[in-house]
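Reviewing the structure listed below.
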2 protein chains.
Amino acid sequence: MPERRTAELHEAVKRRLEERNIRYTRGRRSVVTALVRIEGPESTAELHRRMRGVPLSSLYRNLVVLDEAGVVQKHHDADGLARYELAEWLTGHHHHVVCVDCGTVEDVSLSDEDEEMIGRLARQIAERAGYRETGHNIEVEGVCPSCQHD
Amino acid sequence: MPERRTAELHEAVKRRLEERNIRYTRGRRSVVTALVRIEGPESTAELHRRMRGVPLSSLYRNLVVLDEAGVVQKHHDADGLARYELAEWLTGHHHHVVCVDCGTVEDVSLSDEDEEMIGRLARQIAERAGYRETGHNIEVEGVCPSCQHD
DNA sequence: TATGAAATGATAATGATTCTCATTTCTGGC
DNA sequence: GCCAGAAATGAGAATCATTATCATTTCATA
C-alpha cells in the first residue's frame with residue numbers, strides 16, 4: 001500500500017471511530033499500521049510481534065473495539081486461531097486462498113464480471129435456505145508456492 | 001438421511017478406517033450417528049449433548065481420529081469454536097450459509113452448472129496466487145429465518 | 001488547569017481443547 | 001476359550017488463546 005494512501009486511510013478510520021465516539025489512540029493507530037503492511041489476515045501472535053511495545057492485553061482489547069466499529073475483519077484459521085485484516089470498505093472486496101500446509105492466507109481479487117457471478121450464486125444460496133444475505137466470500141484451499149517442494 | 005443409507009454409510013466409514021488400521025468402536029460409531037442427523041456443521045457442545053453417555057474427552061479424541069482419517073470435516077464458527085460434519089465423500093459436495101445472528105450453519109447444494117462455474121473461479125483464484133488447488137467452498141453470511149423477526 | 005470519561009497495562013480468570021495415565025476392551029494366535 | 005500385546009477409554013489435570021478485572025494514566029472539554 002502506497003505511503004500516500006496510508007495517511008488517508010488513517011483519516012478514514014479516525015472519522016469512522018469519531019462517529020461512534022471512540023478515540024483513535026496511539027495503540028489503535030499501531031494496530032491499523034500493522035494491518036496495512038499485510039498480504040492477508042494475520043494471527044494476533046504475528047501482529048503482536050510486529051508491534052513492539054504494545055502489550056498483548058491492549059492489542060486484544062483494541063482488536064475487539066476495531067472489530068465492533070467495523071474497521072477490522074476477524075477470521076479464524078484451520079486451528080481456530082483468530083486472524084485479522086482491515087475491513088473491505090478500506091481495502092476493497094476480495095477472497096482468500098489458504099495454504100493447507102502452513103496456514104498462510106492471501107487476498108485475491110477477481111474481475112467485476114466474476115464478482116457479479118459469485119454475487120448471483122451467493123444470493124441464490126442464501127435464498128434457497130431462506131436467509132437474508134449480508135455477505136459472502138470464496139475460500140480456496142491449496143498448497144502455497146513455498147510449500148510445494150515435493 | 002434415509003434409514004437404508006445409514007447402514008451403508010457406517011459400512012463405508014468402517015472400510016475407510018480399516019484401511020488405516022483404526023478400529024470402528026462404539027464411541028466412534030455414535031459420533032457418526034450423531035453427525036448423520038445434522039443439517040450443517042455442529043459444535044462439539046451440541047454433539048456432546050446429543051450423545052448421552054459419551055464422555056467429553058472421548059468425543060474430542062474421536063473427532064480428531066475421524067478428522068485425520070478424513071471421515072469428518074472440521075470447521076470453525078465466528079467465535080472460533082469447532083464445528084464438525086461428515087466429509088463430502090459421504091454427503092456430497094455442498095456449501096454453507098451462516099447466520100450472523102445465532103451462528104447456525106446450514107448446508108446448501110448447487111446445480112452442476114453452477115458448481116462448474118465456481119470450480120472455474122476457484123481454480124483461477126488459486127492460480128493467480130500460485131497455489132495448487134485442493135478444494136474450495138463459498139461461505140454465505142446472512143440472517144436465518146428464525147432470526148428475521150424485526 | 002480541573003474534572004470526569006475513556007484507555008491502558010499488568011495480571012488473574014475463563015473456557016475450549018489437548019494431554020496423561022491407569023484401566024478396560026479388542027484382536028489374533030494358540 | 002484363553003493370553004498377550006495393542007488400541008481405546010474415562011477421569012481428571014494441563015495448556016493456551018482469549019477475556020475480564022482494576023488500579024493507574026491519558027484525553028477531551030470546560
Side-chain angles (χ1 to χ4, degrees), chain A residues 10 13-35 41-69 71-85 103 105, chain B residues 10 13-35 41-69 71-85 103 105:
Chain A
H10 279 295
V13 171
K14 187 178 183 200
R15 278 194 300 276
R16 176 101 177 192
L17 292 182
E18 280 173 351
E19 283 169 13
R20 292 166 166 70
N21 296 315
I22 297 170
R23 296 178 189 161
Y24 196 31
T25 60
R26 196 180 309 109
R28 288 162 192 171
R29 239 172 243 279
S30 66
V31 172
V32 171
T33 300
L35 253 21
E42 278 290 2
S43 67
T44 46
E46 173 62 21
L47 289 176
H48 187 231
R49 219 170 295 127
R50 288 173 187 266
M51 299 161 57
R52 244 194 315 286
V54 178
L56 198 51
S57 64
S58 297
L59 172 56
Y60 272 109
R61 185 153 17 76
N62 284 327
L63 283 170
V64 170
V65 170
L66 294 172
D67 186 24
E68 286 172 348
V71 172
V72 137
Q73 176 65 48
K74 183 180 187 176
H75 301 278
H76 291 278
D77 64 18
D79 296 322
L81 301 187
R83 280 177 175 267
Y84 289 88
E85 66 180 345
V105 187
Chain B
H10 278 297
V13 171
K14 187 179 184 197
R15 278 195 299 279
R16 176 100 176 193
L17 293 181
E18 279 173 351
E19 282 169 11
R20 292 166 165 71
N21 295 315
I22 298 171
R23 296 177 190 162
Y24 196 30
T25 62
R26 196 180 309 110
R28 286 161 194 174
R29 239 172 243 278
S30 66
V31 172
V32 172
T33 300
L35 253 21
E42 278 289 3
S43 66
T44 46
E46 173 62 20
L47 289 176
H48 186 232
R49 219 170 293 127
R50 286 173 189 266
M51 299 162 57
R52 244 196 312 287
V54 178
L56 198 52
S57 62
S58 296
L59 172 57
Y60 272 108
R61 184 150 21 74
N62 283 326
L63 282 170
V64 170
V65 170
L66 293 172
D67 186 24
E68 285 172 348
V71 172
V72 136
Q73 176 64 47
K74 183 180 189 176
H75 301 278
H76 291 278
D77 64 19
D79 297 323
L81 301 187
R83 282 177 175 265
Y84 290 89
E85 66 180 345
V105 187

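Proteins get letters first, then strands, A, B, ... in listed order; numbering begins at 1 in each.
Summarising the geometry, the separation between CG on A:D79 and C1' on C:dT18 is reported as 13 Å, rounded to the nearest angstrom. A straight line from NE2 of B:H76 to C1' of C:dT17 spans 10 Å, rounded to a whole angstrom. When rounded to the nearest whole Å, the span between CZ of A:R29 and C1' of D:dT26 equals 15 Å. The distance between atom CD of A:E68 and atom C1' of D:dT19, rounded to the nearest whole Å, is 12 Å. For the pair A:Y24 OH and D:dT26 C1', the interatomic distance rounds to 18 Å; values are reported in whole Å.
Side chains of A:L59 and A:V31 form a contact here, defined as non-hydrogen atoms less than 4.5 Å apart. Looking at A:E68 and A:R20, their side chains never come closer than 4.5 Å, going by heavy atoms from C-beta outward. Within the 4.5 Å cutoff, the side chain of B:I22 has heavy atoms near those of the B:R28 side chain.
Put simply, the side chain of A:R16 gets close to the backbone of A:A69: a donor and an acceptor are under 3.5 Å apart. When atom types are taken as modelled, the side chain of A:H48 and the backbone of A:V54 share a donor-acceptor pair closer than 3.5 angstrom.
When heavy atoms are screened at a 4.0 angstrom cut-off, B:A82 is found touching the sugar-phosphate backbone but no base atom.
Shown are B:R15, B:H10, B:K14; of these, the side chain to side chain donor-acceptor pair (under 3.5 Å) with B:Y24 is made only by B:H10.
In this structure, A:R26 does not reach the C:dA7 phosphate: none of its side-chain N or O atoms is under 4.0 Å from OP1 or OP2. When the side-chain nitrogen and oxygen atoms of A:T25 are compared with OP1 and OP2 of D:dC27, none of them lie within a distance under 4.0 Å.
Heavy-atom distances under 4.0 Å link DNA chain D to B:P55, B:S57, B:S58, B:R61, B:N62 of residues 47-67 of chain B, given in residue order.
Between C:dT8, D:dA8, D:dT18, one nucleotide has an atom nearer to the side chain of B:R28 than all others, and that is D:dA8. The side chain of B:R23 lies closest to C:dC26, out of D:dT19, C:dA6, C:dC26.
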